[in-house]
J.: 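Please see the structure below; I have some questions.
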Amino acid sequence: MKIFSKIFAALIAFIVFSVPTKIYAADAWAVAAESLGVYAAYKSALASMLRLGNNVDAQMAAMRQDIKENGTDKDKRDIEIVDKVMTRLVNNAPYELRVNSLPFIWHVNNSEKFNAACYPMNYITINRGLVKVFRGDENQLAAVLAHEMTHGIDQHSAKNYAKAIAQQIGAMMIGINVERGVDWNKLGGMVDYSIAKSIGVPTEYEADAGGFYLMTGAGFNPGGGAAAMARMGYYLRYETRDFMEFDAHDKPGEQTFSDHPETDLREQKLSAMMTDYSMGHVEVKKFDRQYKVFIDGEEIFTATNTSSVYNNAAENAYYFAGGLAKGFHEYDSAAGWKFRKGTAGRTDFLTGDKVYRQVRENALSLNLGERIRSLVLRAYENERAQNSRQKFIALENDRKYFWRQIKAEALSADSATADKLRLNADTYNDYGKGELALKQIERAMRAENQKDIPECFAIRGRAKAICGDYDGALADTNFAVEKDPSNLYNFLNRADVRRMRGESTQAIDDINRALKIDEKVAISHKLLAEIYDELGDKTKAEESYKNCYILTKKNPESIPQEYLEKIDPKAAEKLKKQKELAEKEKDGKILKVDEPEKNGEKKKSKK
């Protein structure tokens, strides 16, 4: 979910390329792009975005930039709630990542804007303003975050960024340099503008639909999506004072500057999806400002406002209906509902699962249990007579088949793509992200065309050590060395594991064995230097850092300042001044862009 903001003029560095005279468009937007002569720009930009979306360094850089520019939510409860919801979605929702997609990471920033967004590399940024507006409601947060996950899973973000680039710059494409990075705020401004012109609205509906199945599959209330849209609509109409934050659509049906379809329509669509999820039995209808819940056309519940802060009648209706919908979805007969006598002799039903809390509490307080029982029994009788459940089950089976196809494509990926999975896992280890490395290396090891299984074990071992499983780590790295002693990286991974185990002598032995295989690999010397430094042997540490410095073509950033001052004093002084200058920069940006010279000429790219 990205919010419209003023478009920025500056972008990274541009590369001119020629446009073929004949191009065959693949979708409705591409047909228009072809007529404008920018389809080739879109395809080239999309290829760059997809490569970037499969780059761990870019994913980590995006998170660093977000933290630098937007800070971190200071309310620990906000972070705990988002972590809980995202972890549940990531681990339990029914989906498969495409082979060129990264595992999801996320961060709750300190912005008050009502916003969240998914970057092309599956980094999700969540503003604390979003958490506050939803008042920490897990179901509504799950709906929005599952929406963002769908953007990542279906690679909407990469496609919309590519469309925006093509639309704005014609036969030009963005030059991606991961080390220098991308200014996502500036590129985001371009995407906001372009989506406001409707190139991205269809993906918003797709993300709502995909998000619905992710959140319900993870066990959240099926009414959460519609409730989130109702809450959003209320916020936009009655609470926010920032007209640039989101367009409230005072003219129904008119798409203006918002990058999302109007909230009323989205609420209706998500409510209809909840009805389908209930096998067609449960429906929420809005009469003026009243929300009523029906089972097969029979009214069962009229929601009222129970909040002193805002009108939550819609939320109460959708959660009541969502509990009923979950019951119809989970059980193919009334027996599964377990109707029984409860408090004060009133009829109770279903289980203590949190998803049923609202419907059970309201049914008990309003004595609706027997009425619900009667309608549920009749609903199943009608199902059997009309065989209506089968069509909804068929649709679910179609979705399951789709995910099996995505998984099969990943498993049968070519060897180069399979190797990229392995290398990405190794990069996560370099960042100390052991859990992400474990997820990625398991994907690499399942790939049918994985060329280096022993190294996979070595990488997995290092990831286990980062996560604290030191015995499992040593077992994996021992296996890697035994199976392929010709691969120096197997020794280096075991050296790092032994280093984390506190076995410095054995770690040094492994590094020396790696150096015998190839003494011109810089990382071997750097790891050796770090261990000697930890042991307090400054002389040997300096010697190893010097070797690393030479092999990295005198890259000063590869050497700690303390040792760089001895190895290359001039480079150390220059680097120190550069860092001091960077600290003083007013904009505080981590990721730079080429800025125009004062005379209007663009700086030359260093490429």
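The structure displayed is predicted, hence computed values, not measured ones.
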J.: Mind checking the CG-CD spacing from D73 to E80? Nearest 0.5 Å is all I need.
T.: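 Between atom CG of D73 and atom CD of E80 there are 11.0 Å.
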J.: Any chance the side chains of Q155 and S101 put a donor and an acceptor closer than 3.5 Å?
T.: yes
J.: Do I105 and I124 have side chains that approach each other closer than 4.5 Å (heavy atoms only, starting at C-beta)?
T.: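 Answer no - side chains too far apart.
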J.: First locate atom CE of M63, then atom OH of Y119, and finally report the distance between them rounded to the nearest 0.5 Å.
T.: 11.5 Å
J.: Between E298 and R378, does any side-chain N to carboxylate O distance fall below 4.0 Å?
T.: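 Answer for the salt bridge query: yes.
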J.: Compare every heavy atom of Q59 with every heavy atom of N122, then report the nearest pair and how far apart it is.
T.: O-NE2, 3.7 Å
J.: Do the ring centers of Y235 and F134 come within less than 6.0 Å of each other?
T.: no
J.: Evaluate salt bridge (Lys or Arg N to Asp or Glu O under 4.0 Å) for D348 paired with R340, printing each intermediate quantity in order.
T.: CA-CA 5 Å; D348 195 6; R340 59 196 180 274; 3.5 Å; yes
J.: Relative to F220, does R88 satisfy both conditions: NZ or CZ under 6.0 angstrom from the six-membered ring centre, and within 45 degrees of the ring's axis?
T.: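 Ring-cation test returns yes.
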J.: Could you state the interatomic distance from OG (S415) to CG (N449), rounded to the nearest 0.5 Å?
T.: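 Between atom OG of S415 and atom CG of N449 there are 6.0 Å.
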J.: Out of curiosity, E299 CD to L375 CG, how far, rounded to the nearest 0.5 Å?
T.: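 So the CD of E299 and the CG of L375 are separated by 11.0 Å.
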J.: Please determine if K269 and E204 form a salt bridge, counting it only when a charged side-chain N lies under 4.0 Å from a carboxylate O.
T.: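 Salt bridge: no.
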J.: Is it true that atom NZ of K433 has more than 12 heavy atoms of other residues, nucleotides or ligands lying nearer than 6.0 Å?
T.: no
J.: Would you say OH of Y401 has more than 12 non-hydrogen atoms from neighbouring residues, nucleotides or ligands within 6.0 angstrom?
T.: no
J.: Can you list the steps and then say if N160 with T203 is a side-chain hydrogen bond (donor to acceptor under 3.5 Å, both in side chains)?
T.: CA-CA 9 Å; N160 283 340; T203 65; 3.2 Å; yes
J.: Can you check whether Y428 reaches M60 side chain to side chain, under 4.5 Å on heavy atoms?
T.: yes
J.: Ignoring hydrogens and angles, write down the donor-acceptor pairs under 3.5 Å from the side chains of residues 361-368, residues two or more places apart or on other chains.
T.:
| residue | atom | partner | partner atom | Å |
| --- | --- | --- | --- | --- |
| N362 | ND2 | Q358 | O | 2.8 |
| S365 | OG | E361 | O | 3.1 |
| S365 | OG | N362 | O | 3.2 |

J.: Kindly confirm or rule out a cation-pi arrangement of R266 over Y205, judged by NZ or CZ under 6.0 Å from the six-membered ring centre and within 45° of its axis?
T.: no
J.: Evaluate the side-chain proximity of T302 to Q290: yes if any heavy-atom separation is below 4.5 Å, no if none is.
T.: yes
J.: Side chains of K341 and R346: closer than 4.5 Å at any heavy-atom pair?
T.: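 No - every pair of side-chain heavy atoms lies 4.5 Å or more apart.
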J.: Above 12 or not: heavy atoms from other molecules or residues under 6.0 Å from NZ of K132?
T.: yes
J.: Any salt bridge linking R98 with E409? Criterion: basic side-chain nitrogen under 4.0 Å from a carboxylate oxygen.
T.: no
J.: Verify whether one side chain among H147 and E206 offers a donor that lies under 3.5 Å from an acceptor in the other.
T.: no
J.: Can a donor-acceptor pair be found, under 3.5 Å and without considering hydrogens, that links the side chain of D66 to the backbone of N109?
T.: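 Not a single qualifying donor-acceptor pair exists.
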J.: Looking at every heavy atom in both K285 and F287, which two are closest together, and how far apart are they?
T.: CB-CE1, 3.6 Å
J.: In terms of ring plane angle, is the pair H156 and H151 parallel, tilted or perpendicular, where the classes change at 30° and 60°?
T.: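 Because their plane-to-plane angle is over 60°, the rings of H156 and H151 count as perpendicular.
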J.: F301 and Y291: aromatic ring centres closer than 6.0 Å?
T.: no
J.: Please give me the minimum heavy-atom distance between A158 and L50, naming the atom from each residue.
T.: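 A158 and L50 have their closest heavy atoms at CB-CD2, 3.9 Å.
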J.: Would you say Y431 and V56 make side-chain contact, with heavy atoms under 4.5 Å?
T.: yes
J.: Out of curiosity, R360 CZ to L350 CG, how far, rounded to the nearest 0.5 Å?
T.: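 The CG atom of L350 is 7.5 Å from CZ of R360, to the nearest 0.5 Å.
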J.: Among D469, D476, D471, find the one that has a side-chain hydrogen bond (donor to acceptor under 3.5 Å, both in side chains) with K464.
T.: D476
J.: Flag yes if more than 12 heavy atoms outside K407 fall under 6.0 Å of its NZ atom; otherwise flag no.
T.: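 Counting other residues, nucleotides and ligands, NZ of K407 stays at 12 neighbours or fewer.
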J.: Between Y319 and G224, which heavy-atom pair has the shortest distance, and what is it?
T.: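 Residues Y319 and G224, closest heavy atoms: CE2-CA, 3.8 Å.
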J.: Carefully, step by step, assess R389 and H329 under the rule side-chain contact (heavy atoms from CB on, under 4.5 Å).
T.: CA-CA 9 Å; R389 180 172 286 258; H329 184 272; over 6 Å; no
J.: Going by atom types alone, do N316 and T304 pair a side-chain donor with an acceptor below 3.5 Å?
T.: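 There is no such pair between these side chains.
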J.: What residues form a side-chain contact (heavy atoms from CB on, under 4.5 Å) with E435, not counting sequence neighbours?
T.: C467
J.: Do you know the tightest heavy-atom contact between G323 and V359?
T.: CA-CG1, 4.0 Å
J.: Excluding sequence neighbours, so at least two apart, what forms side-chain hydrogen bond (donor to acceptor under 3.5 Å, both in side chains) with E315?
T.: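 E315 satisfies side-chain hydrogen bond (donor to acceptor under 3.5 Å, both in side chains) with Q140, Y310 once adjacent residues are dropped.
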J.: Could you walk me through whether Y277 and F392 pass ring-ring contact (aromatic ring centres under 6.0 Å, His included), step by step?
T.: CA-CA 8 Å; Y277 185 83; F392 297 108; over 10 Å; no
J.: Donor-acceptor check, side chain of R128 to backbone of N110, threshold 3.5 angstrom: yes or no?
T.: yes
J.: Could you tell me whether a side-chain N or O of N305 sits under 3.5 Å from a main-chain N or O of N312, the two making a donor and an acceptor?
T.: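 A pair under 3.5 Å: yes.
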J.: If we count only N and O atoms by modelled type, under 3.5 Å, do the side chains of H107 and T72 hold a donor and an acceptor together?
T.: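 Side chains of H107 and T72: pair found under 3.5 Å.
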J.: Could you tell me whether K420 and D414 have a side-chain N and a carboxylate O separated by less than 4.0 Å?
T.: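 Not counted as a salt bridge, because no side-chain N and carboxylate O are separated by less than 4.0 Å.
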J.: What I'd like to find out is whether the side chain of W106 reaches to under 4.5 Å of the side chain of V90, using heavy atoms alone.
T.: yes
J.: May I ask you to say whether K286 pairs ionically with E267, meaning some side-chain N is under 4.0 Å from a carboxylate O?
T.: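 No, this pair does not count.
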J.: Within this structure, what is the OG-CG distance for the pair S157 and L52, rounded to the nearest 0.5 Å?
T.: 11.5 Å
J.: Out of T216, V355, V282, which one pairs with K326 under the side-chain contact (heavy atoms from CB on, under 4.5 Å) rule?
T.: V355
J.: Using side-chain heavy atoms (C-beta onward) and a distance below 4.5 Å, is V293 in contact with E283?
T.: no
J.: Would N92 and T87 count as a side-chain contact (heavy atoms from CB on, under 4.5 Å) here? Give the steps.
T.: CA-CA 8 Å; N92 299 328; T87 300; over 6 Å; no
J.: Centre-to-centre under 6.0 Å for F349 and Y356, is that the case here?
T.: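 Judged by ring-centre distance (under 6.0 Å), F349 and Y356 do not meet the cut-off.
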J.: Measure the acute angle between the ring planes of W337 and F339, then classify it against the limits of 30° and 60° as parallel, tilted or perpendicular.
T.: parallel
J.: Which class fits the ring pair H281 and F328: parallel under 30°, tilted 30 to 60°, perpendicular over 60°?
T.: tilted
J.: When you compare the side chains of N424 and N54, does any donor N or O come within less than 3.5 Å of an acceptor on the partner?
T.: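 On atom types as modelled, these side chains qualify, holding a pair under 3.5 Å.
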J.: Please name the pair of heavy atoms, one in S271 and one in A226, separated by the smallest distance, quoted to 0.1 Å.
T.: N-CB, 3.9 Å
J.: Decide yes or no for M445 and Q450: does some side-chain heavy atom of the first lie under 4.5 Å from some side-chain heavy atom of the second?
T.: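 The answer is no, as the side chains (C-beta and beyond) never meet within the 4.5 Å cut-off.
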J.: Kindly say whether T347 contributes a backbone atom to a donor-acceptor pair with the side chain of R373 at under 3.5 angstrom?
T.: no
